[in-house]
Amino acid sequence: MAIAVGSIVEGVVTGITKFGAFVELPGGATGLVHISEVANTYVKDVKDYLKENDRVRVKVIHVDEKGKIGLSIKQADPNYQPGRPRRRVSASFEEKLARFLKESDERLQDLKRSTDSKRGGRGAHRA
């Protein structure tokens, strides 16, 4: 059976690592489900979601020239909705500099307030 990118097939989890899970596909080929493709939420440990010999539906997301197969469990879900792409905010250099100076000034004032309160208040210097 040929593995086509975009196809959804059922496979068996054959191994779990800290970076993902290996899934044997029909026909004997094995692909990797990267940890970022296991679920639509943050996955800290793959073992929280998968066990060896689990049967899973996976989507073939890429096949490279060496024959390595990339799979996704979350994209095989019919209700899967890709996350919104991050919006890049392009601020000018002057805007970035102004924001940096404002944040630095706020941090410096917080530090001064914290230091003054440890000394017993403003102007309460010990001789």
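Quick note: numbers below take in every heavy atom, side chains included, and nothing from hydrogens, waters or symmetry partners. None of these values were measured; they are calculated from a predicted model.
Under a 4.5 Å side-chain heavy-atom criterion applied to ILVMFWY residues, the cluster that includes Leu32 comprises Phe19, Phe22 as well. Through chains of ILVMFWY side-chain contacts below 4.5 Å, Phe93 is grouped with Leu97, Phe100, Leu101. Using a 4.5 Å cut-off between side-chain heavy atoms of Ile, Leu, Val, Met, Phe, Trp and Tyr, Leu108 forms no hydrophobic cluster with any other residue.
Residue pairs meeting the salt bridge (Lys or Arg N to Asp or Glu O under 4.0 Å) criterion with at least one member in residues 39-52: none, sequence neighbours excluded.
Val58 and Val43 fall within the same hydrophobic cluster, where Ile, Leu, Val, Met, Phe, Trp and Tyr residues are linked whenever their side-chain heavy atoms come under 4.5 Å apart, directly or through other members. Clustering ILVMFWY residues whenever any of their side-chain heavy atoms sit less than 4.5 angstrom apart, transitively, puts Ile69 in a cluster other than the one holding Ile61. Connection of Val33 to Val56 is established within a shared hydrophobic cluster, with ILVMFWY side chains joined at heavy-atom distances below 4.5 Å, either directly or through further cluster members. By the criterion of side-chain heavy atoms lying less than 4.5 angstrom apart, applied directly or through intervening Ile, Leu, Val, Met, Phe, Trp or Tyr residues, Leu50 is not grouped with Tyr80; the two fall into different hydrophobic clusters. When hydrophobic clusters are built by joining Ile, Leu, Val, Met, Phe, Trp and Tyr residues whose side-chain heavy atoms come closer than 4.5 Å, directly or via intermediates, Val38 is not grouped with Val12.
Asp64 pairs by the salt bridge (Lys or Arg N to Asp or Glu O under 4.0 Å) definition with nothing, not counting sequence neighbours. In this structure Gln81 satisfies the side-chain contact (heavy atoms from CB on, under 4.5 Å) test with no other residue, sequence neighbours excluded.
Of all the heavy atoms in Ile35 and Lys18, the pair that sits closest is CD1-O, 3.7 Å. Considering all non-hydrogen atoms of both residues, Ala4 and Val60 come closest at O-CB, 3.5 Å. Val5 and His62 make their closest contact through CG2-CA, 4.0 Å (heavy atoms, listed as atom of the first residue, atom of the second, distance). Listed here is the closest heavy atom pair of Ser36 and Lys74: O-NZ, 3.0 Å. Taking every heavy atom of both residues into account, Ser72 and Glu37 meet most closely at OG-OE1, 2.6 Å.
Leu71 has its side chain within reach of Leu25: a pair of non-hydrogen atoms, C-beta onward, lies under 4.5 Å apart. Within the 4.5 Å cutoff, no side-chain heavy atoms of Tyr49 are placed close to those of Ile16. Thr17 is not listed as a side-chain neighbour of Val46, based on a closest heavy-atom distance of 4.5 Å or more.
In this structure, CZ on Arg57 lies 13.0 Å from CD on Gln75, to the nearest 0.5 angstrom. Leu111 contributes atom CG, which lies 9.5 Å from atom CG of Asp116 (distance to the nearest 0.5 angstrom). Asp77 CG to Ile8 CD1: the interatomic distance, rounded to the nearest 0.5 Å, is 9.0 Å.
Judged by distance alone, the side chain of Glu95 and the main-chain N or O of Ser92 form a donor-acceptor pair under 3.5 Å. Ser114 contributes no side-chain N or O that, together with a main-chain N or O of Asp110, makes up a donor-acceptor pair within less than 3.5 Å.
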